[in-house]
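Take a look at the structure below.
Since the structure is predicted, the reported quantities are computational estimates derived from the model, not experimental observations.
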Amino acid sequence: APRRRMIRSVLDAAEQRGELRPEADLDLAVNALVGAFYAQALAGEPFPDNWEERVVTTILAGLAP
């Protein structure tokens, strides 16, 4: 829960700065970010060097104004 709140806080701040669409579903974005980690781990696949960056870039593209 603390990590989820931290992610939500970062997204809220980005929304306040106008970096995200006002109607963006930030709770869903948090779930997508956390879920991506678990999906990769449960698949037993190694995490590529740029995995985190790719996930965040993909999620943020869907939230952008």
*Examine Val34 and Leu26 and state if one hydrophobic cluster contains both, with Ile, Leu, Val, Met, Phe, Trp and Tyr joined whenever side-chain heavy atoms are less than 4.5 Å apart.*
yes
*Partners of Arg5 by side-chain hydrogen bond (donor to acceptor under 3.5 Å, both in side chains), sequence neighbours excluded?*
none
*Minimum heavy-atom separation for Glu15 to Arg21, with atom names?*
OE2-O, 3.7 Å
*Closest contact, heavy atoms only, Pro48 versus Pro46*: CD-O, 3.3 Å
*To the nearest 0.5 Å, what is the distance between CZ (Arg17) and CG (Asp12)?*
10.5 Å
*Would you list the pairs meeting ring pair (Phe, Tyr, Trp, His ring centres under 6.0 Å) in which at least one residue belongs to residues 42-65, sequence neighbours left out?*
Phe37-Phe47, Phe47-Trp51
*Distance from Arg8 atom CZ to Leu33 atom CG, nearest 0.5 Å?*
12.0 Å
Which pairs would a plain distance check flag for residues 54-65, meaning a side-chain donor or acceptor within less than 3.5 Å of a matching protein atom at least two apart in sequence or in another chain?
| residue | atom | partner | partner atom | Å |
| --- | --- | --- | --- | --- |
| Thr57 | OG1 | Glu53 | O | 2.8 |
| Thr58 | OG1 | Arg54 | O | 2.8 |

*Got a second to check how far Asp49's CG is from Glu52's CD, nearest 0.5 Å?*
9.0 Å
